[in-house]
Amino acid sequence: MRNEKINIFVMTHCKFECPRHSIYIPLQVGHALHDDLGYIGDDSGDNISVKNPYYSELTGLYWASHNVDDADYMGLCHYRRFFLNESGIIMNAQDYSDIFQDYDIILPKATLHPKPYREVYAEAHNLQDLLLVGKAIEKLHPEYAPYFREALESNLVFSGNLFVTDSTRFKAYTNWLFSIFDVVEGQIDPDRYDNYHKRVYGFLSEQLLSVWVAKNELTVYEANVGITQLKSETAELKASLCTLASAGTLEGVKQALDLFRTTLKARPDLLLPASDLDGELTDMFRVLHVLELELQENNYTNNTFNCMFFLSTDLSVLVKQFRLITSILLHVVQNTASEVEKDYLRDSRISDSLYDTIRSLHPELK
C-alpha cells in the first residue's frame, strides 16, 4: 500500500461505536450548540457549527474542508453508515487505497426510483427550495446548469452525502457547494419548517454532489453502505413506547400511540427501512393498536377476555408474539403448519382485534 493519509470523518450527534481503524475520525456536528460527547467538534477554527440545525452533517463537511490540511484523501460517513468492501465489511485503509488506483471518488450505490428526482424531492420537501438552488447555479456556475437539470429528471438518486475522494477534490466540492448556499441562504427560511425539514441544506446537497461529479467527469466507484445501528431517534422512540406500554393500562397505550403519531408527524423518516432496521417500530404501532382495541372493547376489568397484555406488558415481547402468530396463521393457510404450531395457536388467547389486524396485512388469510 502506498503511504497515504486517509481521513474519513464520521459525522455524529450521539455516542456510537466507531470502527477500529485509525482512518475513521468521529466528528461531533453542531458541537457549538450541544453538550460535548468527547469527540472532535466542528466549532473550532473556521466553522459554521451554529448552523447545524439547517445544515446537518454539512457543518462537519465545512469544518473538515477548512481546518484539515495534512490528509491525502478525505471523506464523510455517518455514525451508523459506512462504506463496505466487496466482502461486506467496513472498508479499511487498504480498501480505499486499492479503489483509488482506478477511481476518482467513492459514492453510495445510487437508488433507482420509479419517479424522477424532481418528484422524489417534492414529495418529501419543498420543491421551490431546490429550484432556487438551480437558479443560483445558473447565476454562479452556468457550466453546471445542464447537469443540474439532468439530475432533476434522473431516476437515479444518491443519498446521505457520503463520499470519499482526494483532499483537493474534497475541498473543491465543498467550496462549490457553499458558494451556492451562500446565495440561497437569503432566499430560504428554514425556520418555517419543523425540526426535521429545517435541515434543508443537508437534503438539498444530496443530489448536488452527483451534479458536481458529473460535470467534472470523475470516475465513480459505487459502494454498498452498511448500517451498523438504529438511528438514535428511532431507538429513543422505541424505548419511550416500551416504557408507556409497560404500565399495562389503556391510558398508557393511548399515550404511547399519541407519542408515536406526534413523533412520526415530525420525523416520518423514522419508519424508513434504513431507520427502522428490523421493522420493529412499525410492528410496535400495530401491537399498540391491537391493545387499544382489546382494552376499549372489554374495559380490561377481568381476564375472561383475550388480550395481549395477559401474555406480557413488555412491548418487545408482544411484537415477537405478533410476528409468531402471523407466521403460524400463514403456515395454516399454506397447509405447512406443524402440530406444535397448531397447538400453540389453539392455546394462545387470540382476540378478534389481533386476528383482524393480521388479516388486514395478509389478505390471503381472509
Side-chain angles (χ1 to χ4, degrees), residues 13-16 53 56 78-81 123-125 159 192-200 202-203 227-300 305-327 329 348-363 365:
H13 63 283
C14 62
K15 280 284 191 179
F16 74 106
S56 196
H78 295 173
Y79 71 94
R80 65 190 201 99
R81 298 179 187 232
E123 289 179 352
H125 308 287
S159 60
R192 62 180 169 156
Y193 302 134
D194 58 40
N195 287 338
Y196 174 66
H197 289 94
K198 72 170 48 175
R199 294 151 44 186
V200 57
F203 295 125
I227 300 179
T228 58
Q229 65 184 69
L230 285 175
K231 183 173 286 188
S232 62
E233 294 86 351
T234 301
E236 291 169 5
L237 177 56
K238 284 185 177 182
S240 296
L241 296 177
C242 286
T243 297
L244 291 170
S246 66
T249 64
L250 178 58
E251 181 182 2
V253 168
K254 287 185 173 182
Q255 289 177 345
L257 284 168
D258 287 343
L259 175 63
F260 183 94
R261 295 183 179 110
T262 301
T263 303
L264 267 295
K265 184 176 180 180
R267 293 297 306 272
D269 60 304
L270 297 188
L271 282 184
L272 294 175
S275 301
D276 186 22
L277 299 182
D278 57 1
E280 185 181 36
L281 185 57
T282 300
D283 281 344
M284 281 184 172
F285 174 77
R286 291 167 177 160
V287 169
L288 288 167
H289 173 68
V290 170
L291 287 166
E292 182 182 39
L293 293 176
E294 291 174 336
L295 297 175
Q296 284 178 331
E297 292 171 359
N298 297 278
N299 297 319
Y300 202 23
F305 68 96
N306 296 332
C307 178
M308 295 190 77
F309 267 154
F310 292 142
L311 172 67
S312 175
T313 57
D314 185 327
L315 194 53
S316 294
V317 171
L318 297 183
V319 166
K320 293 177 182 177
Q321 174 73 350
F322 180 86
R323 292 175 173 178
L324 177 59
I325 295 298
T326 300
S327 175
L329 288 172
S348 297
R349 301 176 66 170
I350 302 176
S351 67
D352 290 340
S353 297
L354 174 56
Y355 186 57
D356 289 343
T357 298
I358 294 174
R359 285 198 309 172
S360 70
L361 299 171
H362 300 280
L365 296 176

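The structure presented is a predicted model; accordingly, all values stated were derived computationally and were not measured.
Atom CG of Asp283 sits about 4.5 Å away from atom CZ of Arg323, to the nearest 0.5 Å.
Remark: Phe203 engages His125, Tyr196 in a ring pair (Phe, Tyr, Trp, His ring centres under 6.0 Å) (not counting sequence neighbours). With sequence neighbours excluded, the residues forming a salt bridge (charged side-chain N to carboxylate O under 4.0 Å, His left out) with Asp276 are Lys238, listed by chain and number. Considering only residues two or more places apart in sequence or on other chains, Ser348 meets the side-chain contact (heavy atoms from CB on, under 4.5 Å) condition with Gln321, Ile325, Tyr344, Ile350. Scanning for side-chain contact (heavy atoms from CB on, under 4.5 Å) contacts around Asp258 gives Arg261, with sequence neighbours left out. Judged as a side-chain contact (heavy atoms from CB on, under 4.5 Å), and not counting sequence neighbours, the contacts of Lys15 are Leu37, Tyr39.
Residues Pro53 and Asn195 form no side-chain contact, since every pair of their non-hydrogen atoms from C-beta on lies 4.5 Å or further apart. Between Glu294 and Leu291 there is a side-chain heavy-atom pair separated by less than 4.5 Å.
Thr326 places a side-chain N or O within 3.5 Å of a backbone atom of Phe322 that can act as its donor or acceptor partner. At distances below 3.5 Å, not a single donor-acceptor pair connects side-chain atoms of Thr262 with backbone N or O atoms of Leu259. For His197 (side chain) and Ala266 (main-chain N/O), no donor-acceptor pair under 3.5 Å exists by modelled atom type.
Among residue pairs with one or both ends in residues 237-279, those qualifying as ring-ring contact (aromatic ring centres under 6.0 Å, His included) are Phe260-Phe285; sequence neighbours excluded.
Lys198 NZ: more than 12 foreign heavy atoms inside a 6.0 Å radius.
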